[in-house]
Each structure stands twice: as structure tokens, then as C-alpha cells.
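Remarks on the structure that follows.
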2 protein chains.
Amino acid sequence: METPPQRQRPGRAPAQGNRTGRPRQAEVARLAGVSQATVSLVLAGRTDKVSIAPETQRRVLEAARTLGYVPDPAARRLAAARNNMLGVFSFTATFPTDVRHSYYPFLVGVECEAAEQGYDLVLFTGSSTGGAGSGGPEALSRVRLADGCLFLGRHAPAAELRRLVDDGFPVVHLGRRDELDGLSWVGADYISASREVVAHLAALGHRKIVLVREDDEAPASTDREHGFLKGLEEAGLPAGPDAVFRTADPASALTPDVLRGWLDAGVTALVAEETDTGAAWLALERTVAEAGLSAPDDLSLAVLGSPPPERDSAPVTGFDIPRTELGAAAVRMLVALVAGEEAQEPLVACPFRPGASVGPPPTPAG
Amino acid sequence: METPPQRQRPGRAPAQGNRTGRPRQAEVARLAGVSQATVSLVLAGRTDKVSIAPETQRRVLEAARTLGYVPDPAARRLAAARNNMLGVFSFTATFPTDVRHSYYPFLVGVECEAAEQGYDLVLFTGSSTGGAGSGGPEALSRVRLADGCLFLGRHAPAAELRRLVDDGFPVVHLGRRDELDGLSWVGADYISASREVVAHLAALGHRKIVLVREDDEAPASTDREHGFLKGLEEAGLPAGPDAVFRTADPASALTPDVLRGWLDAGVTALVAEETDTGAAWLALERTVAEAGLSAPDDLSLAVLGSPPPERDSAPVTGFDIPRTELGAAAVRMLVALVAGEEAQEPLVACPFRPGASVGPPPTPAG
DNA sequence: CTCACTAGCTAATGCGTATTAATCATGCGC
DNA sequence: GCGCATGATTAATACGCATTAGCTAGTGAG
């Protein structure tokens with residue numbers, strides 16, 4: 001309040017002839033009585049490849065210290081032809097106001113792994129109206145200023161992505177994306193995880209299991225169904241078309257009557273997919289309650305993912321989506337691509353999460 | 001699963017002779033049939049100072065677009081001392097695992113305002129152990145790649161900051177920070193906001209009010225106390241030392257007995273500061289409940305900030321910390337500094353938030 | 001017809017560092 | 001004493017862009 005910020009105190013000696021007032025390698029060289037090249041070699045520790053007398057090294061290091069030399073990152077990166085920057089592009093704002101849809105958990109992993117690998121992150125936002133070079137279809141082209149770019153969310157326009165990939169620009173998409181061939185991606189292994197959930201139920205003795213899913217063609221949805229069916233198959237259970245209840249609007253289509261119909265038909269376990277909205281699971285949960293039933297006594301419930309983190313309810317059986325780990329994996333893959341290496345395994349395993357919502361099937365007639 | 005990602009399809013020609021495969025101005029120039037200098041002039045919009053034929057400009061722009069040209073930030077910065085990037089540096093992870101301590105709300109504003117001002121954001125992570133250029137004094141020096149840098153959290157080492165400021169590098173600290181003079185910052189105006197809360201209570205008729213605060217020397221804490229005392233003073237209320245209850249451990253120090261002692265002494269309203277941990281407020285809330293009291297009937301409660309967003313409890317009187325606006329203000333200040341202008345007003349107002357936890361003081365004896 | 005002058009463009013240079021080829025003693029074997 | 005490998009250092013150059021001092025052709029004035 002009483003300290004209106006000011007700047008540029010006298011502090012250090014103004015300049016030598018360079019713009020910044022900060023010492024350059026040339027000044028260090030002068031002070032140490034050597035050439036700029038020698039300074040560079042010593043400070044970069046390249047003394048094993050190009051030998052420098054120990055005494056000279058000492059002088060250089062001392063000169064650098066007394067002058068307070070710090071390398072200019074811009075020059076360093078220019079000379080090295082590497083920015084050490086990875087782009088992060090999200091078509092919607094990277095930090096959305098609605099935390100539910102946030103990429104936050106991914107970013108935790110992205111940031112951490114990027115730091116680990118020695119990269120900084122450049123944030124690009126597709127939605128930013130106004131501002132730097134935004135707007136037109138070339139907006140995506142901006143990401144080229146980084147060494148490579150990570151794409152979040154499925155809204156990145158295919159054509160632009162295609163262009164980047166074709167140009168050989170390192171790109172990794174977070175979330176499976178097969179329709180653009182040549183595009184690298186990392187994603188959660190929903191298939192294996194879903195299969196595992198079914199296996200768990202089957203091991204408990206369930207013989208008829210139904211999957212409730214939304215009417216969506218997203219890989220995240222179809223993968224879960226694949227895994228579910230695969231799980232049934234491997235357990236020797238019937239995997240007919242009526243094992244999957246698919247509806248565009250679970251909230252209204254999934255009535256208590258439908259539920260009772262299943263139970264009467266011998267179904268003892270229900271599995272819901274988890275999506276952005278969580279509609280399938282929420283509808284299932286609500287309908288079970290409405291029907292006066294409760295898990296795991298009357299039936300077993302599982303969710304192919306993590307239920308929305310509501311109040312302190314009992315944990316639901318399912319699997320966790322390792323978002324942080326996904327972010328890290330994406331960065332690792334991107335770094336590999338930047339280095340010209342081959343992309344590795346794109347799938348990240350989802351750990352099974354035991355819960356209190358499943359149990360053995362109820363005995364037919366108490 | 002069946003699509004192991006591959007890369008580098010034949011697509012486009014790999015490169016011209018530059019190391020990165022990314023097009024340079026030289027390539028744009030060749031394609032447009034002009035010189036590199038012309039490309040630079042056109043793309044920088046310098047066509048008012050050095051006239052370029054409209055037709056030539058068109059050709060250059062088109063060539064740049066078809067090649068997907070994007071300027072190299074390092075080269076830009078090296079040559080012109082600016083590259084339209086702002087750094088964001090947090091000594092701890094920018095995206096912490098503990099969401100409570102998150103800078104997220106700030107970043108929303110930072111991202112938005114940066115886009116508005118035409119800047120890209122670079123996330124520098126200081127927390128990286130291992131990896132490139134971590135550790136030493138060089139860690140902070142990386143931020144010089146950007147035109148200026150925003151610092152989050154009070155863990156940024158003072159010596160390094162000092163150095164940046166002395167070198168004339170534009171720096172803005174998010175959160176008040178006076179001990180480093182010359183360092184610009186933006187912060188919430190806790191003083192005014194706290195005063196306003198007190199004024200609100202006084203207007204309702206409260207004559208004895210006590211502040212519960214932690215034993216902390218952070219500006220955020222002392223500012224609140226200042227504002228609190230100022231508020232008492234302006235309302236003509238006693239602002240003696242016993243108006244402030246300061247303890248290192250509110251959870252254990254704030255017992256129901258202490259609370260009843262206050263009430264017996266005529267205290268009718270309690271105000272808690274809000275901190276990272278929220279310890280003061282949580283302790284107060286719990287103790288009031290333990291004592292079998294409830295607000296606003298038995299006494300009035302207010303918090304100097306926003307209580308941790310718990311379950312659907314009734315809103316507590318206090319003020320909101322405009323984190324998003326703070327982030328935006330910080331960016332605006334940083335942009336001003338980069339432009340060589342003077343830093344403006346560092347304080348952002350916190351809007352008063354009416355709630356259901358205060359009311360008129362209870363009548364002395366029912 | 002020449003000169004000054006302008007519009008339109010380019011050659012050249014610098015930014016600060018990393019890297020490589022070249023230089024220069026120096027000692028060693030013969 | 002003459003090459004010759006070796007060790008220590010430096011000159012030179014590239015990195016990609018911005019900037020400035022020219023250079024050239026054309027135009028109107030004198």
C-alpha cells in the first residue's frame with residue numbers, strides 16, 4: 001500500500017556495450033585473459049573433448065563467478081537449435097472455469113515429466129479470441145514454435161493436425177485417436193481395465209452382467225464395451241446383444257421397471273461406463289435407489305472408471321484412470337519423437353479399484 | 001491397441017538444410033522471390049517505416065502461410081530482445097497434487113489476459129529435481145528467455161529474484177512482497193476488505209469483536225489484522241490487544257472455554273482470517289459447534305476471505321479473493337513493465353460477500 | 001539532360017553462444 | 001635438427017531474426 005512498486009535500481013554497473021548490463025562470455029574472457037571460445041568450452045564442461053589446462057579453467061570459472069555471469073538462454077537455445085520447449089494445446093482454455101472438465105490432472109503429470117526431461121511448457125489456447133495470431137485456421141501453426149506439441153481434448157481440428165504431422169512436426173495426442181494415421185497418441189487401456197472388472201464380477205459368481213452405456217462413438221466408450229464383452233467371453237458368460245444397454249439418454253431410459261426386468265431375467269450385476277458427464281453411472285445409481293434396491297446386497301454395481309467424486313459415499317468398484325500418469329507418458333512419448341526416436345507403447349494401464357458396491361450374487365430365493 | 005503409432009509419413013519434403021525441419025524466413029523469402037530482410041519486415045508489420053509494395057507483401061504473407069512459418073522465439077529474443085512470451089514461474093509445481101494450494105484460479109486469469117494482450121505463456125518449473133539446468137542459479141535464469149516473468153508463491157529465492165530485478169528484467173510477483181525493493185507485485189487488498197467486514201459487523205450493532213488469526217508473519221496475515229484494527233478504530237470500537245487472538249495452533253488453542261470467556265466478556269462477533277490451511281476458520285467453526293452455539297443466533301461469525309469450499313453449507317459472511325482478476329492484473333502489470341512503462345496500482349479489491357453467519361448481536365438477556 | 005529525391009528493396013551486420021577447423025608451441029623419437 | 005603427434009587455445013562460423021545503411025530504378029523539377 002505504501003510501497004508503489006518501482007524498478008531499475010542502480011544496483012549493478014550499467015553496461016559494457018551490451019544491451020542488458022549483464023556480463024557476456026566475452027567479458028568473462030577478457031577478465032580471464034582467454035578467448036570467448038575457451039570460456040564457452042569451460043563453462044559447458046566440454047573439457048573432456050577439448051582439453052583445457054586446469055589452471056586456465058580455474059581462471060575462467062573465477063572470472064565468471066566474480067562477474068556473476070549467467071548464460072543467456074536465448075542465445076544458448078539458438079546456437080543449440082533446440083528450444084527445449086514443448087507446446088500444450090487445448091482447443092478450449094487450458095484452465096477452464098468449470099473444473100469438472102478440466103485437464104488439470106493431466107497437466108500435473110505433464111508438468112512434472114516435462115521438468116524431469118528438462119523441457120519448459122508453452123501454453124496455447126485454441127479458444128483465445130484476440131491476442132497473438134489467433135483466429136484463422138493457421139492458429140494451430142503457432143505451436144511450431146515449440147519443439148513438439150501435446151494436444152488435449154478431441155476438438156483439435158483434424159485438418160490442421162494432419163498438416164503438422166505431415167510436416168514431420170512432433171505431435172502427441174492425449175487420448176486415443178486412430179482416424180488420423182501417423183498421429184501418435186497415448187491413452188488409457190480401457191479394454192484391459194474393463195475386462196478386469198468383468199473378471200472380478202465373474203469370479204464372485206455373477207453369471208449375467210449388463211453394461212449400461214451412452215450412445216457415443218468415442219473410442220473411450222467403444223473400448224469399454226469391447227473390454228466388457230471380452231471379459232464376458234473369457235469368463236464363458238453369454239455376451240449377446242442384450243448384455244449391453246445402450247441409450248442416448250440414460251437418465252430417462254433407465255427406469256426402475258427396466259431394472260427389475262433385468263433382475264427377473266437373472267441379472268445380478270450391472271456395470272456403467274464413465275464418461276465426461278457421468279450420465280450412465282448417475283442414472284444407474286439413482287434408479288437403483290428409486291427401485292428400493294441397494295448394492296451389494298440386492299445386486300452388484302461397478303463403474304468402468306471413477307465415479308464423479310461426490311460426497312463421502314462408499315467407494316464404488318471399478319478402475320482408476322491414471323490421468324497424471326497419462327500426462328507423463330504423453331510427455332515421454334513427445335520427447336522421444338522430438339529426439340527422432342520411435343514412439344513407444346501408447347497404452348497406460350488403469351489400476352483396478354476394489355470397492356464396496358460388489359459382492360457375491362444374492363442367493364436366488366432368500 | 002492394434003495401431004502402434006508411427007510417424008514421419010512421406011508427406012512433405014523433410015527439410016531444406018536447416019537443422020530443425022521448421023521453415024525459416026530464408027525459405028519463405030525464396031518461395032516469395034524476395035530477400036530474407038523483406039520477409040522480416042513484412043511479417044513484423046514494419047511496412048510503415050520501410051515501405052513495401054502491397055503486392056510484395058501479399059506474396060510474402062502467402063508464402064509464409066503455405067510453409068507454416070512461425071518465428072523462432074530464441075532468435076527473436078536474441079535479435080530484438082523480445083519474443084512476445086511471458087514466463088510463469090513457480091518454485092513449487094504449478095499444478096500441485098494438493099489442489100488446495102493450487103495456483104489454478106490465478107492461472108485462469110493469467111492465461112486469459114495473456115492471450116488478450118497477445119502474449120504466449122511459458123511455464124517454467126523450478127521444482128524439477130534432476131533434468132536439465134535444474135538446481136543452480138541457472139534454474140531461475142531460464143526465465144530470461146521470455147520478455148518478462150510472473151512469479152507465483154513465496155518460495156522464489158530472493159537472491160535470484162534480486163538479480164533479475166537488478167538486471168532490469170521485468171518481473172512481477174503474485175502476492176505482496178515488500179522485502180525486495182524494486183520488485184513489482186500485485187496483491188489483494190486485504191486491508192480494505194477486512195475493514196469492510198468489520199464495518200459491516202459494527203453497523204449491525206456489534207461492539208466487541210475478536211479476530212482469530214494464526215501466528216504468521218506473512219503479509220496476507222498482517223494485512224488482515226491491520227484492516228481489522230483499522231475497521232474497529234473507524235467504528236469507534238476498542239481495538240486493544242485482546243481484540244486479536246493470535247495462536248500458532250488454533251485447533252487446540254481455541255477451546256470452548258476460551259469462546260465462552262469471550263461471550264461472557266461481551267464479545268458478540270468473531271472474525272477468522274483465512275490462510276492456505278484455513279486452520280483459524282476451521283477451528284473457530286468447530287469450536288462454536290462444540291460449545292453448542294450457532295451463528296448467527298448466539299453470535300456472529302465472519303471470515304476474512306472465502307472458507308474452504310466444503311459441502312453445501314450456508315454461505316459465510318466475508319470477502320472473496322478475486323484470484324482470477326489478480327492473475328489478469330499481474331499480467332497487465334507485467335506487460336506494462338515489458339513495454340517500459342511504469343507499474344500501476346498493485347492492489348486489487350476483494351468484493352464483500354454477504355452471508356448467513358452474521359446478524360445483529362443477541363439481546364443481552366433473553 | 002542532369003540532379004535531387006523517393007519508393008522499394010536488399011546486403012550486411014549484430015545479438016550471445018556452441019562448435020569446428022585451424023594455429024601454435026612443445027616435446028619426442030630417430 | 002626434422003618431422004610429427006599431442007595438448008592447449010583461438011579464429012571463424014553458424015544459429016535465425018531484426019535492423020540499418022545503402023543501392024537501384026523511376027519521377028519530377030530545374
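Quick note on labels: first sequence line is chain A, next is B, and so on, each numbered from 1.
Rounded to a whole Å, the CG atom of Leu145(B) is 15 Å from the P atom of dG16(C). With rounding to whole Å, Leu43(A) atom CG is found 11 Å from dT17(C) atom C1'. The CD atom of Glu55(A) sits 16 Å away from the C1' atom of dG7(D) (whole-angstrom rounding). The CG atom of Asp48(A) sits 15 Å away from the C1' atom of dG7(D) (whole-angstrom rounding). Whole-Å rounding puts the Arg24(B) CZ to dG16(D) C1' distance at 6 Å. Between the CG atom of Asn84(B) and the C1' atom of dC17(D) there is a distance of 14 Å, given to the nearest Å. In this structure, the CD atom of Gln25(A) is 13 Å from the P atom of dT10(D), given to the nearest Å. Look at CZ on Arg46(A): it is 16 Å from P on dT17(C), rounded to the nearest Å.
Qualifying side chain to side chain contact (heavy atoms under 4.5 Å, CB included) partners for Ala158(B), counting only residues two or more places apart in sequence or in other chains: Arg177(B), Leu180(B). Applying the side chain to side chain contact (heavy atoms under 4.5 Å, CB included) rule to Thr47(B) yields the partners Ile52(B), Gln57(B); only residues at least two apart in sequence or on another chain are considered. In this structure, Phe106(B) has no ring pair (Phe, Tyr, Trp, His ring centres under 6.0 Å) partners at least two apart in sequence or on a different chain. Take Phe151(A) and apply the ring pair (Phe, Tyr, Trp, His ring centres under 6.0 Å) test, not counting sequence neighbours, and it matches Phe89(A). Legend: residues meeting side-chain hydrogen bond (donor to acceptor under 3.5 Å, both in side chains) with Asp147(B), ordered by chain and number and at least two apart, are Arg77(B). Every residue meeting the side chain to side chain contact (heavy atoms under 4.5 Å, CB included) condition with Val34(A), not counting sequence neighbours, appears here in chain and number order: Ala29(A), Ala32(A), Thr38(A), Val39(A), Thr56(A), Arg59(A), Val60(A). For Glu345(B), the side chain to side chain contact (heavy atoms under 4.5 Å, CB included) partners two or more places apart in sequence, or in a different chain, are Leu347(B). Arg332(A) is linked by a side-chain hydrogen bond (donor to acceptor under 3.5 Å, both in side chains) to Glu113(A), Glu325(A), counting only residues two or more places apart in sequence or in another chain.
Rounded to 10 degrees, the angle separating the terminal helix axes of the helix from dC1(C)-dG30(D) to dC30(C)-dG1(D), each built from five base pairs, is 70°.
In terms of heavy atoms, Val171(A) sits closest to Leu337(A) at O-CD1, 3.6 Å.
For residues 32-48 of chain A, the set of pairs meeting the salt bridge (Lys or Arg N to Asp or Glu O under 4.0 Å) definition, not counting sequence neighbours, is empty.
Between Glu160(A) and Leu164(A), the closest side-chain pair of non-hydrogen atoms is not below 4.5 Å.
For residues 70-83 of chain B, proximity to DNA chain C is found at Leu78(B), Ala79(B), defined as any non-hydrogen atom under 4.0 angstrom from a strand atom.
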Table of protein N/O atoms under 3.5 Å from nucleotides 5-10 of chain C N/O atoms:
{"from": "dG8(C)", "atom 1": "OP2", "to": "Ser51(B)", "atom 2": "OG", "distance (Å)": "3.3"}
{"from": "dC9(C)", "atom 1": "OP1", "to": "Thr56(B)", "atom 2": "OG1", "distance (Å)": "2.5"}
{"from": "dC9(C)", "atom 1": "OP2", "to": "Ala53(B)", "atom 2": "N", "distance (Å)": "2.5"}
{"from": "dC9(C)", "atom 1": "OP2", "to": "Thr56(B)", "atom 2": "OG1", "distance (Å)": "3.4"}
{"from": "dT10(C)", "atom 1": "OP1", "to": "Ser35(B)", "atom 2": "N", "distance (Å)": "3.4"}
{"from": "dT10(C)", "atom 1": "OP2", "to": "Ser35(B)", "atom 2": "N", "distance (Å)": "3.0"}
{"from": "dT10(C)", "atom 1": "OP2", "to": "Ser35(B)", "atom 2": "OG", "distance (Å)": "3.1"}
{"from": "dT10(C)", "atom 1": "OP2", "to": "Thr38(B)", "atom 2": "OG1", "distance (Å)": "2.4"}

